[in-house]
Protein chains: 2
Amino acid sequence: MFVSTLRVKWALDRGGSRKGLKRGRGWVTGMEGKTKNRAATVPPPAGARPTLKTIAFMTGLGITTVSRALKDAPDIGAETKERVRLVAKQIGYQPNRAGVRLRTGKTNVISLVLTLEEEIMGITSPMVVGITEILAGTPYHLVVTPYSSTKDPLGPIRYILDTGAADGVIISRTEPHDARVTLMTERHLPFVTHGRTEMGIVHPFHDFDNERFAYEAVRRLTECGRRRLVLLEPPPNLTFHSHMRTGFERGLKDFGAEAVSFHHVNIDHSLVAIRDAFEQLMRSVDAPDGIVSGSGSGAIALIAAIESAGKKVGQDVDMVTKAPSDFLRWLRPEVMTMYEDIRLAGRELAKAVIGHIEGKPPETLQSLSQPEFQRPVSKSRKV
Amino acid sequence: MFVSTLRVKWALDRGGSRKGLKRGRGWVTGMEGKTKNRAATVPPPAGARPTLKTIAFMTGLGITTVSRALKDAPDIGAETKERVRLVAKQIGYQPNRAGVRLRTGKTNVISLVLTLEEEIMGITSPMVVGITEILAGTPYHLVVTPYSSTKDPLGPIRYILDTGAADGVIISRTEPHDARVTLMTERHLPFVTHGRTEMGIVHPFHDFDNERFAYEAVRRLTECGRRRLVLLEPPPNLTFHSHMRTGFERGLKDFGAEAVSFHHVNIDHSLVAIRDAFEQLMRSVDAPDGIVSGSGSGAIALIAAIESAGKKVGQDVDMVTKAPSDFLRWLRPEVMTMYEDIRLAGRELAKAVIGHIEGKPPETLQSLSQPEFQRPVSKSRKV
DNA sequence: GACGAAATCTGTAACGATACAGTAGCGATG
DNA sequence: CATCGCTACTGTATCGTTACAGATTTCGTC
């Protein structure tokens, strides 16, 4: 009786047609079954957060029906779906994540796996922003899972696999033969890499075209008349090390310049280490006249080294660097920069993992972002 | 029978005393009850992740007992606890987060609420690192919850309250009268603010001592003989705006200098806007000879302005700036910097929210970090 | 007008954990 | 020796959701 009354009330209140009621079950016989689990017969507590039960009570439907209606299942009537959706929206229903996760295993979590150490120049920040920009329109949350790169990089991956902590993973510092990629592929955990691999596994990635960057950098330097070029490269274990080297060497060949060897340090070393090593080079007879820097922070150390050696950028040497932010453009306009849009990378990575989770083919989830030279900061016109 | 056998086997295997077994229930009568819910009688599936059920099966105990043993409940025997802990550790048991969350409401999540816009100079990055450093030793995960500051800052807070998405919240860009603080306090949601409020509500916070920063900056500038000082301040709605102003003005008074008015722009404005405004000032007859910059990125724009106006830092003007990273020290050693350790802030904030969640009194969860002048980058000694 | 199929709705069990209300055994008490 | 209280353990119900296996009604078919 109670249920039926309520159904009619609702139907009347919203002025809807009563057609749907005619064949409702329980309309007359409703109170006969065990009332134990008849959720819709028990009014929900007042201040509590709405659940399927709440909607079931309000609509007079069963919990299952409500669940299926919200999923747009084919065995639910069109009008019922409409009614359920309306009520759900009205009371601001949001599925309980714990309930869903427990039942289905779906976490609605994307995990961003970071080394605590890769934060030197704050690359993470815009990346997180980019990722969240995309996730904002989805049910996904972003969980940051750090690890100490001095330890096992597989640690966080294993944790996620063992505990089912995420539906998808974003990793960076990708290596040509990356054990994390192998593991996640084997275990069918959707992921995307920032950077590419060379294992013959087709997987989603986003990458900056470092080969092109180095190639264009060399072109530009030779256009400035520079012939003896040096490259501050990424650490050799990362994939983009070879990309950058390849571009650099192809550039040397195509534009007619020669390489000055400089392998003692790479962009992972401390600024002090880079400066000291490079200062030595700049003071030697082998000193280069053109520099390609694989990282913005590395460029800072190089500039310091050049100046310590009593030389000047834009005069004794020219320099092109990759830059994820634009303070160099402001402080050292004589340095030529190619902007690496990390925020964009974040967006692309997020889209790719979600695509992977949704089962899109990996080869459609790969993107490469093209470097472009930045123009100098515009001069003020006011004064 | 099965159960009992297993229990003995276990006890023998690890060479433990059998005392505890003598009075075990179910030792003889075990198979009599309804076996339906006797979890321990059903072997767990092979490859699956271990649950309480798994441990219950292996130890021959009930699920409840295992649960309570792992919680070190007082009504569980010491030897049983030991046994359970051992097995749990052996098989790498980790409680299912969804199960706990659904039953208890505890999410084990800390939410970092960010504006998408506050990322200009990548302050987030080291902060995330600091937070995760602390969370690594706890069951907490870090979820990043962004919002567009152009919209309702209460949005994410309401979301967390409505959906019970987190056990604790970290917010920044704190205002003197901050609606988020009021709301979370009312609703008893543990939180911590990066920055202080002025509402008479005692709550956990971590803050940089911006008053002291500005005061010491003025001291230093006057020591350099500067007398006409300007302050690039935070936006007026944030609490640390007044802190910094107060320190600045107290410094002017104590050290005998005068303020040059400069309120058109603040550190939230674009670099271009700051530069244009400041260039105008530098070209006017009112030009200051000492500058205090409330942000590192702001300082970049100020430097550009100074140079556009044909002047030179360390010569025509001196400058002190707050700096969250050290590229200024490298690129503009003539600028004096006070380091703001954002990573430390992250650590302090994380400790404070957790403390708040654990019920520690808020007044014990407040900290202020003291600014210190940085020494210049050490010169290379190698060459 | 019986029968099957289609359409639409339903209850039950389960995911893993915990709160709660027990129960069995045992020694002490009167 | 009945009873009480204590220790150490237990099963049941529940959190919110969904998979699954029915139910019930309607309608077309023979």
Side-chain angles (χ1 to χ4, degrees), chain A residues 20 22-30 33-41 44-45 48-56 59-71 73-81 84 93-106 163-164, chain B residues 20-30 32-41 44-45 48-56 59-71 73-81 84 93-106 163-164:
Chain A
K22 280 207 294 226
R23 53 167 136 104
R25 66 69 243 186
W27 173 227
V28 173
T29 63
K34 314 155 195 166
T35 46
K36 188 76 167 288
N37 263 337
R38 272 300 310 282
T41 59
R49 139 165 210 219
T51 68
L52 290 179
K53 209 152 141 183
T54 316
I55 304 179
T59 55
L61 294 163
I63 296 178
T64 303
T65 311
V66 173
S67 172
R68 311 220 66 215
L70 289 173
K71 300 206 133 45
D75 64 347
I76 304 294
E79 205 208 283
T80 303
K81 283 181 191 170
V84 169
Y93 169 75
Q94 290 189 265
N96 181 306
R97 308 189 118 232
V100 174
R101 179 164 173 177
L102 181 58
R103 181 67 240 246
T104 65
K106 171 123 210 207
T163 64
Chain B
L21 294 180
K22 281 208 291 228
R23 53 169 137 104
R25 64 73 243 185
W27 175 225
V28 173
T29 63
E32 287 172 7
K34 314 155 196 168
T35 45
K36 188 75 166 288
N37 263 338
R38 271 301 310 281
T41 60
R49 135 165 213 220
T51 68
L52 289 180
K53 210 152 140 182
T54 316
I55 304 178
T59 55
L61 295 163
I63 296 179
T64 304
T65 310
V66 174
S67 172
R68 313 220 62 212
L70 289 173
K71 299 205 133 45
D75 63 347
I76 304 293
E79 207 208 283
T80 303
K81 283 181 189 168
V84 169
Y93 169 74
Q94 289 188 266
N96 181 306
R97 309 191 117 232
V100 175
R101 180 163 172 177
L102 181 57
R103 182 66 240 248
T104 65
K106 171 121 211 207
T163 64

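Note on naming: letters A, B, ... go to the chains in the order of the sequence lines (proteins, then strands), and numbering restarts at 1 for each one.
Distances shown here put a side-chain N or O of B/Thr80 below 4.0 Å from the OP1 or OP2 atom of D/dC9. Considering only side-chain N and O atoms, B/Ser67 lies under 4.0 angstrom from the phosphate OP1 or OP2 of C/dT18.
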Step-by-step side-chain contact (heavy atoms from CB on, under 4.5 Å) determination, B/Ile55 to B/Leu70: CA-CA 11 Å; B/Ile55 304 178; B/Leu70 289 173; 4.2 Å; yes
Are B/Thr51 and B/Asn96 close enough, and set up right, to give a side-chain contact (heavy atoms from CB on, under 4.5 Å), and what steps lead you there? CA-CA 7 Å; B/Thr51 68; B/Asn96 181 306; over 6 Å; no
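B/Leu70 places its CG atom 10 Å from the P atom of C/dA17, with the value rounded to the nearest Å. Atom CG in B/Asn96 sits about 14 Å away from atom C1' in D/dT17, given to the nearest Å. We find that CZ of B/Arg68 is positioned 13 Å from C1' of C/dA17, with the value rounded to whole Å. For A/Gln94 and D/dT17, the CD to P distance is 11 Å, given to the nearest whole Å. In this structure, A/Leu61 atom CG and D/dT18 atom P are separated by 16 Å, rounded to whole Å. One interatomic measurement links the two molecules: CD1 of A/Ile76 to P of D/dT18, which rounds to 13 Å at whole-angstrom precision. Between the NZ atom of A/Lys71 and the C1' atom of D/dG16 there is a distance of 11 Å, rounded to whole Å. Note: CG (B/Leu52) to P (D/dT14) measures 20 Å, nearest angstrom.
The nucleotide whose nearest atom lies closest to any side-chain atom of B/Thr65 is, among D/dT18, D/dC9, C/dT10, D/dC9.
Judged as a side chain to side chain donor-acceptor pair (under 3.5 Å), the pairs with a partner in residues 97-106 of chain B (not counting sequence neighbours) are, in order, B/Arg97-B/His141, B/Lys106-B/Tyr140.
When heavy atoms are screened at a 4.0 angstrom cut-off, B/Pro95 is found touching the sugar-phosphate backbone but no base atom. Among the heavy atoms of the strands lying under 4.0 Å from A/Thr51 are primed sugar atoms or P, OP1, OP2 only; no base atom is included. Counting non-hydrogen atoms under 4.0 angstrom, A/Asp75 reaches a base of the nucleic acid. Across all strands shown, A/Thr104 has heavy atoms under 4.0 Å from sugar-phosphate atoms exclusively, and none from any base.
The salt bridge (Lys or Arg N to Asp or Glu O under 4.0 Å) check on A/Arg68 picks up A/Asp75, with sequence neighbours excluded. For B/Ser67, the side-chain contact (heavy atoms from CB on, under 4.5 Å) partners are B/Leu52, not counting sequence neighbours.
In this structure, the side chains of A/Ile76 and A/Val84 stay at 4.5 Å or more apart for every pair of heavy atoms.
Residues B/Thr64 and B/Arg97 each lie close to DNA chain C; by heavy-atom proximity, the contact nearer the 5' end of the strand is made by B/Arg97. Comparing B/Pro74 and B/Arg103 by the nucleotide of DNA chain D whose heavy atom lies nearest to each, the residue mapping closer to the 5' end is B/Pro74.
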For nucleotides 4-6 of chain D, which of its nitrogen or oxygen atoms have a protein nitrogen or oxygen under 3.5 Å away, and what is each distance?
none

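Between A/Ile63 and A/Lys53, the shortest heavy-atom distance links the atoms CD1-CG, 4.2 Å.
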